[in-house]
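Each remark here refers to the structure printed beneath this line.
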Amino acid sequence: MGLFDLKLSRKFLIDGLFLFLVVLVTVGVTSIYVSSERTFYWWDYAGYNTATVNTANLFRESPQKALAGVIESLAKEKNLLISLPLVPFILLFGDSRLSYILSISLIYVLPFRLLLGAISARLIPVYPQRVFWSTVLLSLLMPMSWIPTLRGYLDTGGCVFVGLAILVYLQDVRLKSWWKIPLIGVFLAAAILFRRHFAYSAIAFLGAAILQALIEFIVQIYRKQAAIKYKLLLDSGIKISLIAATTFSVLMLVAGDFTRSALTVNYGNLYEAWSLPVNDILIRYASFYGLGTWLLVLIGFSAGILRRILVPGAAVFVCLFGVLSLVEWLLVLRYGYLHYTIHVTPIALLGLSAFFWTIWLTLKGKVRYLMLGAAAFYLIVNAAVGLIPVKVDLSRLFVSNFGPLVRSDYGEVVKLVEFLRKLAPDEEPIYIAGASNSFNANILRQANRQLNPPEGWWKLNTIGRPQIDSRDSYPLPELLQAQYAAVATPFQQVLPGDEQVLRSHEQDVVKVVWDAFTQNWEISRDFQLLPQQFKLENGVTVRIYRRIRPTDAATAVRTLYAMQQQIVDRPGGQLDWISLRQSIYTSANYSVSRESDNLYKIVTHPIKNSTKLDTSFLYLGAISDKAQVTGKLTLLNQQCPGVALRLTLWDKQGKLIDSARMEYGAKSAIDLNLLVEGKNPTYLMLEVLSSDKQELTKQCQLEINNLSVSSQPK
């Protein structure tokens, strides 16, 4: 064996040993952490876990149907593409929480750690093998490289593709090899396809590349190299444009419906409730990493650049990408959820690597070892503070504690879930008047999923929306359908210090139902308080109400008016028309959709577990003393003997002012034209009735297009 072969074998042996060590630590930490938890996961912590397990189970039954479901999901905000690589692991090792978290750690997080090592080796041009593995090992000491995954997020899968794009770019900053241009575009598109919020990483990437080209252009001007400066700028502009074009083309090709929808949605308004004040988000990110970490990162990049330890082109791009990412997440978007930290963690880790190698290469003797030892000690303590199952408060110098989740009231939650299952065995709707990180509809549903066999877990029918003012709608339809209500006292809402956080005063759509029961509103008298109570952690008491009679139309109108008085700004997802009998199994505005600014479409969908149709619709828009409702009515089944439409006019006290009615036979399309009038009207109610006074069934399902409300002159 030659000297070259011996060195190569030694290199592979070292790489293999370090890789084994990283895998061992990953499996060990993950297993200990998840096994220490005793809780019921909720919202984001449970969402992709449930989706991934369901996809794996569908693959067991029918791979063809499973793949069809994944493809169909590409049109949605959250698709199943990111779950697909985890399916073989779930099929092999089971669908436990530990199996799910380990699959993310080994399939996504481990490659991402290795990618960051490779990027660091491009950034620091000495001892590539040592730089690579030192960066990977440093990543193990950063709590935020663990926590999002341990909480159930699989978003690191998208970050892998962003890392690949950065690595390819740093290998050839001027992109002299043209094949790298479409490759980078494909990687950025793949990241966005996995999770939509990586569009912001793509923007930061393209922005950093543009700024780097402009900086080089300015440098050329300063050096008075006029012959090449404009050519280089044009060349860079074309190449960056081609990357963006490739990214967009792949998105349109693979997920055209989603891409078109994303271009038209105002995400700023939709996610306003999640956008925290600047001061709050800065404090939050200080607690996510520790101020000591940020100090080391700042020193690492600044000293590395000034002492010329870092490759100039790579350092400029990484710093620009990092600054733009920080601007996006800390100043523009300001979303405080844990999984968004994966946009920032790579930059922090590269800064730490730059710090250690800059100190090692520039200082000598005791000073070198003192600084490296102090920094290493800080990172070890910081990692322990962040991950151990003991709450430790060391101010913001260190990371906040994100230990395993343990509920002290685990047994009481079990009793509550079992009681609700027995109380509502036929999936009767149960309204949950509370939405905090410790009590909400999703916790109860996930607890039932965990406690009961797969064929029966879904039978606990807790109503979990509306929850957010900027996204959802008035809770009247859900409250009218509810047969039970679970009311937690004190009022349960998301608090500023919670992990899954919202802006303050963004849950009035939940609070208003809590007020209805605790302040004895008229609608609460349609329910009866049961004697059972359940004591949860933090002094929370849950009481159960049973519906004793249906809520009449007048009470519903008065309740809606009271809700509008309490919720000053209309909820962001609320349309002018709402369905009063819509099935709670469907999404908000399922039966009502907007065709244009003033035109709506209504469809009378069948209500699940019932022969009834969704037949009552209330108009919330402005109306005058004379209101005319027009549209095009179509009976979807020609076997229907006919229907009647009744339009009623109500004031805010729930008093019926006027009504109009029209009969319709079994025609393919019918003009709807109803007129009502009266003084001081507030609401219009449109009802679909049977012409023979029988309950409407699926046979008489209909739709109304171009539904319009107009005011008539006096």
Please tell me whether [X] and [Y] have a donor and an acceptor in their side chains that are separated by less than 3.5 angstrom.
X: Tyr108; Y: Ser103; answer: no
X: Tyr337; Y: Glu499; answer: no
X: Gln212; Y: Tyr169; answer: yes
X: Ser83; Y: Thr55; answer: no
X: Gln500; Y: Asp44; answer: no
X: Glu328; Y: Tyr340; answer: no
X: Asp155; Y: His197; answer: yes
X: Trp357; Y: Ser134; answer: yes
X: Asn437; Y: Trp43; answer: no

What about the rings of Phe301 and Phe355, do their centers lie closer together than 6.0 Å?
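No, they do not, as the ring centres are separated by 6.0 Å or more.
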
Any salt bridge between [X] and [Y], counting N to O under 4.0 Å?
X: Glu216; Y: Arg174; value: yes
X: Asp235; Y: Lys239; value: yes
X: Arg465; Y: Glu478; value: no

Using the test side chain to side chain contact (heavy atoms under 4.5 Å, CB included), find all partners of Leu599 that sit at least two apart in sequence or belong to another chain.
Glu595, Ser596, Asn706, Ser708

Full working for side-chain contact (heavy atoms from CB on, under 4.5 Å) between Phe321 and Ile166:
CA-CA 10 Å; Phe321 178 79; Ile166 293 173; 3.8 Å; yes

Ser201 vs His343, side chain to side chain donor-acceptor pair (under 3.5 Å): CA-CA, chis, key distance, verdict
CA-CA 7 Å; Ser201 288; His343 295 272; 2.8 Å; yes

Knowing that exactly one of Asp472, Asp469, Asp576 qualifies, which makes a salt bridge (Lys or Arg N to Asp or Glu O under 4.0 Å) with Arg570?
Asp576

Kindly check if the number of other-residue, nucleotide or ligand heavy atoms within 6.0 Å of [atom1] ([X]) is above 12?
X: Arg308; atom1: CZ; answer: no
X: Glu72; atom1: CD; answer: no
X: Asp15; atom1: CG; answer: yes

Please work out whether the ring planes of Tyr335 and Trp329 are parallel, tilted or perpendicular, with thresholds of 30° and 60°.
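Ring orientation, 0 to 90° scale: perpendicular.
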
